[in-house]
Structure formats: structure tokens, C-alpha cells
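In what follows, residues are counted from 1 in the order of the sequence shown.
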Amino acid sequence: MILGNFDVVVIGGGHAGCEAALAAARLGQSCALFSISLDAIGNLPCNPSIGGTAKGHLVREIDALGGEMGKAADAAFIQSKMLNRGKGPAVHSLRAQIDRTSYHTEMKKRLENQPGLVIKQGEITDIIIKDGKAAGVVTDTGAEYTARAIIIATGTYLKGKILIGSYSKESGPDGMFPANRLSESLKKSGIILRRFKTGTPARLHADSLDFDKMEAEPGDEKVVPFSFETQTPGTNKVLCHLVYTNEKTHEIIRKNLNRSAMYGGMAEGIGPRYCPSIEDKVVRFHDKPRHQLFIEPMGLDTKEMYAQGFSTSLPEDVQLEMYRSVKGLERAQIMRSAYAIEYDCCDPTQLFATLEFKSIKGLYGAGQFNGTSGYEEAAAQGLIAGINAALELSGREQLILRRSDGYIGTLIDDLVTKGTNEPYRMMTSRSEYRLLLRQDNADERLTPIGYRIGLISDERYQKFQEKQRLIDEELKRTQKTVIPPSKANPILEEYGSSPVKTGIRLSDMIKRTELNYEKTAPADPDRTPLPDAVCEQVEIKLKYDGYIKRQLADVEAARKMEERLLPEDIDYLSIQGLRLEARQKLDKIRPKSLGQASRISGVSPSDISVLIILLESGQM
């Protein structure tokens, strides 16, 4: 019963699946996206928010490459905030509270209106592999669809199991059907699966909460959009609120730990270290008298409130007692109980940096299936998987982003080179080049790549080039403009900066710690109005010039290691100069270069030295 023939089939309609399908279709491939429920497309089953620390960087990079998450988030946000403003620009991260229903509607509409893309509701139960290549999929009704490439983006649906205390149920997130049969098909194809776990807090009825007892958390007065194309980002529409647990809350949790699915032995999967349940926080950080919780709206047309930081797998009676112990939540009514969810995912070291499986040509993995957590990490991988499936089918070279290109490159390199023993979360600390990989310059780094691939339009690229021209011209002007002491000193003295006796270049004034681009305006009569994004780039490039040059030198040194390619047929197990662990790890990962080999856990500098000697002597 063959019901369709496609170039690319995407399994899953979450954030990875949406980006993968859109990218493949926009690059000229006929594509079908299968979702267990069309009502779950672009779903936000946990926190209805996009962005956050490091995650905001990923969304900006997705947009710069031509992806869709940033645009959909801009269309559906209800509160926006730039995090870490008190720190340097490298860690500034945009975060937006999202109207959950609107985001789903926006993303589904974009998929439906995309030429070359077919959306189908159905559970994929089998993948067809012929001669070591992806060849098609089969649904639970027996329908078969041929494909030249398959992208697995199953999220938490793959053999999903909900856990609430001693209760368990085979289920996807939000009570959706799980995908129970696909795991066996993948295992038969030689794919190694493991079991991970995540969780989500309860949803509370807004009318049962006392917001007067909580700390209001407003959004930023000036809203910054995720997408570089969004011209009118809109305004904040809601308040979020901050509350805290207390000793009573912690005592309720401690006395019921044995009833938690995780501590009671019900949970099998490994949970995320950086997004722990509340019982995990109480046990691991027993010295802390309280933990902060954010009460956040699920949307404009619903009374459901999300309790961020209150994830748990405790039974429902304990959940109610625990929530009501918090100030402002004394009368809380739970609309949806908190739960943990276990699911199958793959060992990402089975993948190339293109996200294609090493053992099966044309089969790609993306999102939580690759062992990550978070909507943004998923969308980033989906975009790359969709791009690479399309490029490969078109006979073009696949895209591999370097660690110095973006957080997306860092994310994927970490996964395929180091692997992960728990749900992987992107953090700014994971990058050695974070001053270069700021969210504000994501377009400078990645839009030329998106244009070359074909996901950035001519019109958008021309606007990008014009922005870069303005930045370059303004940088040159500030470096040439000399401000006399009579104009410079009043400003320097106003902001507590040392006065000058001779003229000072405008660029040197801006570089001073006490000053910035805006504060120097009164001394700069030749300044013309420029877009905020241009002014921001000029200031950052001037203030951090020395540090940026230093990191660029590090990138160049790393590039040389990346260009020293290793032969694909090396028999690592037979190289006597390598330690046993290094032999085994190198044989498993099969690194493409010395640079990648040096990042494998268990491969030491002395092992790399052995590889260098063998390369230079021509022995491999």
C-alpha cells in the first residue's frame, strides 16, 4: 500500500521536525512531515517560552540561517526580556514568554503554506532500509511512503511513559499517544537506543492564585525581536511573577521522597542535571532555605499558569500540598498535574557532524532523539538535518558548522564527538569562543552561509549587506574623528572619566568603561541617525576589540588542527602507541580531523601526539 513518494520524510512535528521539513522543502525537495497528532505541531509541552541563556543565541542563529523559530516566536510572544544585561554582551540572551496556542497556530500555518511540503497525521512504526540506505517509512495503518532521506525527530514520544508517583502510563507529552513500535524497527536497523527522562510542573488556575503576595516580573520596556527580519516586534502583554519555596515545602518533599517516581525506583531514564525536579533540588541543595519559582501565563486566552522550577514526579496529593505551602499559592487549584516522562533516544556518537547516521546513508537524527533537551536545541538540529538531507540529495556538499561558527556548531560537535550521558542543554560556558558567538552578531556569522545554501532571499541578503556597510563606515568614522578637549572633557567629567589635554579619537572615547556610543553623542556633531542594531555593533566591536582579536587568533590555531584530516580507514585498535581507552574511543567516533580527535573524552594530548607523528611520517 504505497501512498506516496517523497525525497524527504520527517518523523515528528515538534520543533526539530518543523525546521527540518521547512528547510528541506525550501531547498527544493519534496517533503512529508508525519506527526502523531496535527494538534501537536510546534507544541510547547513544558514551559511556554522561547530563548533564555544560550538558548536565545540558538534562536538568533536559526533565524540567521533561514529557519523559522524566531519569526514564529516574534508573532506569538506575550512578554519579552533580555537576560544578563548586567553582564557583558557575550551572555546577553533574549527570552520570551509565548502564547502556547498562538505559537502552534503560527508554526502549523507556516508548514501548511510551504510549497513542496505535505503534512500528514500518522504514527510511523517502521523505517525501510535497503542496501544500507534509507528508503521509506511505514505507518501504523500499513501505509508505505518511499523516501530518499528520513529525518527522525521523535522528541519524547518514542516509547514515552508518563510517571506520577507510583502511577505510570504509556504516553507522549500532554496525554498524546506515544510512538511505541518505532524503537524496535530502529534497533533492528542497528541503531543503539538509550532511555532519558524529563519532567514538567503542574498547571495552576490563575483565579486560585494570590498575585498580590508575589513579586511582579515585568518584561523589558524596549522589546528586542528574535528575528533579524522582524521590524515591529510588538509590546508586552502580561506580567510574570516570582515566588519562593520555604522550609515547609521542603519538609513535605522530604517526607514523601519514597513516593516520588524518581526516588521510589519507578524511573528508569536519566534526567537532566541542569533542569532538575524540585525533589532533586531539595536533596542536592539541602543547605538552601528556598528555591525561586516563576508563575508564568500559558497564553492570553487561558487561565492556565505554568510554575517554572516546580517540576516533579511526586503523586498528586503531595503535589497539591506542596504547591499550597508556597506564599501566594495557598488556594492553588491544579488543572494539569506535574509529571515525569521517559523516552527512547539514540547515542549521538553514531552520527556524523551532518547529523546523518554513520551506518545508514540518508537517515538523520534531530532534536531530543539525539539526546538533547529544550525546544531551541531541537530546532537547531532540525534545521541542520533538513539542510543536509536536501543538500545531499541535490549532489551538493553537506553543511558542517564549526565550533567557531556558532553555538549550533558547538552543540552538534559536543553531541557527535563527546556524546552525552544525560539530556544535553546548551550553555554559554560550553563554547570556548563565546565573545565571538554573541546573539547580536548571529547574522554577521551565519547569514552569508544561509544565503549560499539558499534559505536567505536576495532581498534579505541585500538588507544584511547594507547593515554591514553602515557598521563598517561608522567604525571607520569613529576611528578618524578627533574630538577636541573643549568638547570631550565636559562629557568625560560628567561620567567620572579622566579628562584629556589633547584631542581624543571618538573611538577611544567610546572604548572607555564609563562611556558608550550613546553617551559620546553630544561631542560628535557629525553623527547621523543610524539603526539601533548598527550602533550596538559599533560599540561592541570597539569596546571588545582586543578580546575579539585574541579569540580570532584562537580560532585560527584551532582551524589548523581541523584541517589536518585523518584517513577514514585507520585501524585505531592496532596502533600500539595509543592508550587502550583512546583506541576504543577513536574507533567508535571515527573523527574526521585531529581537531575533532582532540575533543573526544578519553583521548589525551599524548594520544594526539602519536597521531601527529604517524601522520607526518606517512604511516597512516
Side-chain angles (χ1 to χ4, degrees), residues 1-14 16-18 20-22 24-25 29-43 108 111-112 114 116-162 169-193 195 341-346 356-357 359-370 382 385-386 389-390 393:
M1 191 164 65
I2 298 178
L3 297 187
N5 303 284
F6 298 95
D7 294 320
V8 179
V9 163
V10 178
I11 305 173
C18 289
L22 287 169
Q29 305 301 316
S30 62
C31 183
L33 180 148
F34 286 84
S35 176
I36 281 182
S37 171
L38 297 190
D39 296 327
I41 285 177
N43 188 26
K108 186 167 181 280
L111 294 170
E112 291 170 341
Q114 176 59 49
L117 174 58
V118 173
I119 308 168
K120 299 188 72 66
Q121 180 165 295
E123 178 188 347
I124 301 300
T125 57
D126 198 8
I127 58 170
I128 302 170
I129 307 297
K130 293 182 179 178
D131 300 323
K133 299 179 181 179
V137 297
V138 181
T139 70
D140 58 344
T141 61
E144 184 177 322
Y145 298 84
T146 66
R148 296 196 292 153
I150 301 169
I151 300 171
I152 304 172
T154 46
T156 59
Y157 285 80
L158 203 56
K159 293 194 75 173
K161 181 192 284 189
I162 294 292
K169 175 185 178 181
E170 292 183 346
S171 173
D174 276 337
M176 295 286 180
F177 292 117
N180 280 336
R181 293 163 58 186
L182 181 58
S183 286
E184 294 309 312
S185 174
L186 296 175
K187 290 177 182 177
K188 289 178 182 177
S189 299
I191 294 173
I192 300 170
L193 298 179
R195 199 85 172 143
I341 182 169
E342 293 185 342
Y343 54 94
D344 283 352
C345 57
C346 80
E356 184 178 24
F357 275 89
S359 59
I360 304 173
K361 190 168 182 58
L363 183 65
Y364 296 78
Q368 285 185 274
F369 176 71
N370 289 352
L393 295 180

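The distance from the CD atom of Gln114 to the CD1 atom of Ile119 is 9.5 Å, given to the nearest 0.5 Å. Between Ile124 atom CD1 and Tyr145 atom OH the span is 8.0 Å, to the nearest 0.5 Å.
Nearest approach of Leu117 to Ala25, heavy atoms of both residues: CB-CB, 4.0 Å. Counting all heavy atoms, side chain and backbone alike, Asn180 lies closest to Gly160 at OD1-N, 4.4 Å. Of all non-hydrogen atoms in Ser189 and Ile360, the two that sit nearest each other are O-CD1, 3.7 Å. A pairwise comparison of heavy atoms in Ile341 and Ser171 identifies CD1-O, 3.8 Å as the closest pair.
Not a single donor-acceptor pair under 3.5 Å links the side chain of Thr125 to the backbone N or O of Leu182. No donor-acceptor pair closer than 3.5 Å links the side chain of Asp7 to the backbone N or O of Arg148. Distance alone, capped at 3.5 Å, is enough to place a donor-acceptor pair between the Asn370 side chain and the Gly365 backbone. A donor-acceptor pair is defined here as one N or O able to donate and one able to accept, closer than 3.5 Å; such a pair exists between the side chain of Gln121 and the backbone of Leu38. For the pair Glu356 (side chain) and Gly362 (backbone), a donor-acceptor distance under 3.5 Å is present.
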Check: Can you list the steps and then say if Leu193 with Phe369 is a side chain to side chain contact (heavy atoms under 4.5 Å, CB included)?
Finding: CA-CA 9 Å; Leu193 298 179; Phe369 176 71; 4.0 Å; yes
Note to self: Phe177 vs Glu123, test: side chain to side chain contact (heavy atoms under 4.5 Å, CB included). Steps then yes/no.
What the structure shows: CA-CA 9 Å; Phe177 292 117; Glu123 178 188 347; 5.7 Å; no
Next item on the list: Please lay out, stage by stage, how Leu186 and Ile152 fare under the test side chain to side chain contact (heavy atoms under 4.5 Å, CB included).
Entry: CA-CA 10 Å; Leu186 296 175; Ile152 304 172; 3.5 Å; yes
Margin query: Using side chain to side chain contact (heavy atoms under 4.5 Å, CB included), reason through Ile11 and Ile127 one step at a time and then give a plain yes or no.
Written below: CA-CA 10 Å; Ile11 305 173; Ile127 58 170; 4.1 Å; yes
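Partners of Phe357 under the ring pair (Phe, Tyr, Trp, His ring centres under 6.0 Å) rule, at least two apart in sequence or in another chain, do not exist in this structure.
The environment of Lys187 atom NZ is dense: over 12 non-hydrogen atoms of other residues, nucleotides or ligands sit within 6.0 angstrom.
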